[in-house]
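Predicted model, so just to flag it, every value in this text is computed and none were measured. A note on names: the letters A, B, ... follow the listed sequences, proteins ahead of strands, and every chain is numbered from 1.
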Amino acid sequence: MSAYTEGIITLLMINAIAAMGVCLLTGFTGVFTLGHAAYMALGGYATAILTVKYHLHWLPAVVAGGILAIVVAYVIGIPTLKLMGDYYAIASIGLGEAIRLILENWQSVTRGARGYPGIPTFTTMPVAVGFFLVLAFLLFCLLHGSYGRMFKACRDDHIAAALLGYDTARVRVLSLVLSAFYCGVSGGLLAGFLSFIQPVMFDMLKSTELTAVVVFGGLGSLSGCLLGTTIITLVTELFRPISQYRMLIYGAVLVIIMVLRPEGIMGQYEFGPKLFRKLFGRKAPAQERR
Amino acid sequence: MAFALELGGVNKFFGGVHAVNDMSFILQEGELAGLIGPNGAGKTTIFNLVTGVYDVSSGHITLFGEDITNHKTYEVVRKGIARTFQNLRLFASATVLENVMTACQQHHRYSFLEACTHLGRWRSVEREIRDRSMTLLERVGLADRADQTATTLPYGHQRRLEIARALALEPRLLLLDEPAAGMNPEEVQDLNRLIQKIHADFGLTILVIEHHMELVMEICPHIVCMNFGALIAEGDPEHIQGHPEVLKAYLGEEVEE
C-alpha cells in the first residue's frame with residue numbers, strides 16, 4: 001500500500017471518529033452543533049503540548065485530550081442544554097470561535113496563529129484504525145440497548161421522555177460529553193498524524209463539515225455517518241488535482257444528496273437485515289409469538 | 001392509610017386566565033376515579049400540574065403522603081405516576097416494542113460500562129426488558145404488531161400502546177387523558193374492559209379524564225366534575241347524574257321567561 005493511500009485511510013479514520021461523536025449528539029440525541037471542531041482543537045492542542053513540552057507518551061496524551069474536551073463540554077453543556085431548542089447550537093458557534101481565538105492569542109502556551117510544530121508522528125495507519133475500531137465498537141454497543149433508546153426518546157419527544165422518568169437535560173449533557181470525547185480523541189490523533197497543527201484548522205468550516213457529514217449520512221444512523229464521512233473525505237481527496245474546484249464539488253454533492261434524499265443516504269437505517277428488507281420492498285415479518 | 005393523590009387549594013394562572021380555581025380533591029388508594037367536565041374546563045391542566053409539566057400558582061399536591069408540588073416531571077414520575085396523553089406522544093422513530101422498552105428499562109438497569117461493551121448483565125437484562133415489554137403488549141393486544149413503527153398503527157391501537165408504555169413504568173397512580181377519544185362505540189367497550197382489567201390486575205389507583213359519559217359512568221365509582229377550572233360536583237355516578245350544577249354545565253341553563 002502506498003504511503004498516500006495509507007495517509008488517506010488514516011485521515012478517514014480520524015474524520016470518522018469525530019463524525020461518530022457528532023452523530024451521537026445530533027443524529028441520536030437531536031442536539032444541533034456548529035462548533036464541534038473546538039473539541040477537536042482542545043484534544044489536538046492538549047496532545048501536542050503534553051507530548052512536546054512534557055514528553056508524555058502519546059497514548060495517555062490523546063486520552064487526556066479527550067478528557068479535556070469532556071470537561072469543557074460539561075461546563076458549556078450544563079447551562080445551555082437545560083433549555084430546549086437551538087440554544088446549544090448558538091452557544092456552540094460562540095464556543096468554537098472563542099476556543100480558536102484563545103488558541104491564536106495565548107502565545108506562551110499555544111504558540112499562537114503560526115501553529116504548533118514538532119509533534120511526534122505517532123498516528124500511523126494501524127493506530128488510527130485501532131482507535132477507530134475500538135471507539136466504533138463502544139458506540140455501536142452503547143446505541144443498541146437502554147442508552148440508545150433513551151437518547152432517541154429524548155430526540156423524538158422530550159416531554160414524553162420526561163414523563164417516562166428521564167431527566168432530559170442530563171441525558172443531553174451526557175450525550176454532549178461523550179461526543180466531545182470522541183472529537184477530542186480525533187483531534188489528538190490528527191495532531192499526531194500531521195505533526196503540526198494550527199488554530200485555523202479548527203474553524204467554523206470544519207465544524208459545519210462535521211455536522212454536514214452527519215446530516216448527509218442520515219440522522220440517527222451510525223453506518224450512515226461513516227458512509228457520509230467516507231464519501232466526503234474521498235471527494236475532497238480525489239479532486240485534490242483540481243483543487244480550486246474542490247469546494248464546488250463538495251457543495252454540489254451535498255446539494256444533490258439533500259435534494260434526492262432529504263433524510264440522508266441511510267435515513268435511520270443501519271447496514272443489516274432490516275435495511276435489506278426495506279430495500280427489497282418486503283414487509284418486516286411479524287415477530288414470532290412467544 | 002395515606003391518600004393516593006391529594007390536591008389542596010390548587011390554583012393556576014396563565015397570565016390573566018384563571019385556568020384552575022381552588023381545586024381540592026382526594027383519591028383513595030386503589031380507586032378508579034373519573035375526572036369530567038366540558039371542553040376547556042381545565043382537566044388536562046390538572047394532569048399537567050400533577051405531573052410537573054406546569055408549576056402550580058398556589059396550593060399543594062401530595063402523592064401517597066409525599067409532597068410533589070412543583071417537583072420536576074421526572075422526579076414525580078420516579079415517585080410512581082404514569083400518564084397517557086390526549087394528543088398521542090409516542091416515539092415516532094421507534095417500533096411498538098421499543099416504545100414500551102424505553103419505559104420498561106427504568107426498572108431493569110445495567111451499568112454504563114456494560115452498555116458500552118455488551119458484557120456482564122447486558123444480555124440477561126435486555127432479555128428481561130424485552131420479555132416484560134412483550135407481556136405488556138400482549139395485555140393490551142398488540143403483541144403481533146411489536147415490530148411495526150409505532151406511528152403507523154391505527155389510532156385506537158396507538159392509545160393502547162400508550163397505556164402499555166405507561167404500565168411499563170410500574171406506576172402506583174395511572175393518569176389516563178381521554179383514552180377513548182376518537183374511538184367508535186365498539187372500541188370504547190373494549191377499552192372499558194381493558195381499564196377495568198388493568199385496575200383489578202395491577203392494583204393501581206387510576207384517574208381517567210373522559211368525554212364519553214357512558215364510559216365514566218360505567219366504570220368509575222368516584223367522579224370529580226369541574227367547569228371553568230373549579231370543582232362543581234364530586235361523588236358516585238348517580239349523584240353526579242342528578243346534580244343540578246353538572247346538568248347546567250353540560251346542557252346549559254333553562255331561560256326564565
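- In this structure, the portions of B:Phe112 lying under 4.5 Å from any heavy atom of chain A include both its backbone and its side chain.
- No part of B:Val76 comes within reach of chain A, as not one of its non-hydrogen atoms sits under 4.5 angstrom from that chain.
- Looking at A:Leu219, neither its backbone nor its side chain comes within 4.5 Å of chain B, counting heavy atoms on both sides.
- For the pair B:Met134 and B:Leu97, the minimum side-chain heavy-atom distance is below 4.5 Å.
- The pair B:Arg139-B:Asp201 meets the salt-bridge criterion, since a charged nitrogen lies less than 4.0 angstrom from a carboxylate oxygen.
- Here B:Ser93 is the residue among B:Ala82, B:Pro171, B:Ser93 with the most heavy-atom pairs under 4.5 Å with chain A.
- In this structure, B:Arg160 does not pair ionically with B:Glu187, as no charged nitrogen and carboxylate oxygen lie closer than 4.0 Å.
- With A:Arg172 contributing its side chain and A:Leu81 its backbone, the two residues share a donor-acceptor pair below 3.5 Å.
- For chain A, the nearby parts of B:Ala103 are the backbone and the side chain; heavy atoms of each come within less than 4.5 Å.
- Stacking of B:Lys12 on the aromatic ring of B:Phe14 is recorded, both the 6.0 Å distance cut-off and the 45° axial limit being met.
- Counting heavy-atom pairs under 4.5 Å between each of B:Arg83, B:Gln148, B:Arg78 and chain A puts B:Arg78 at the top.
- Between the A:Thr168 side chain and the A:Cys154 main chain, no donor and acceptor come within less than 3.5 Å of each other.
- Most heavy-atom pairs under 4.5 Å with chain B, from the set A:Gly145, A:Ala162, A:Ser146: that is A:Ser146.
- Contact tally against chain A (heavy-atom pairs below 4.5 Å) for B:His118, B:Arg109, B:Lys72, B:Glu114: the top residue is B:His118.
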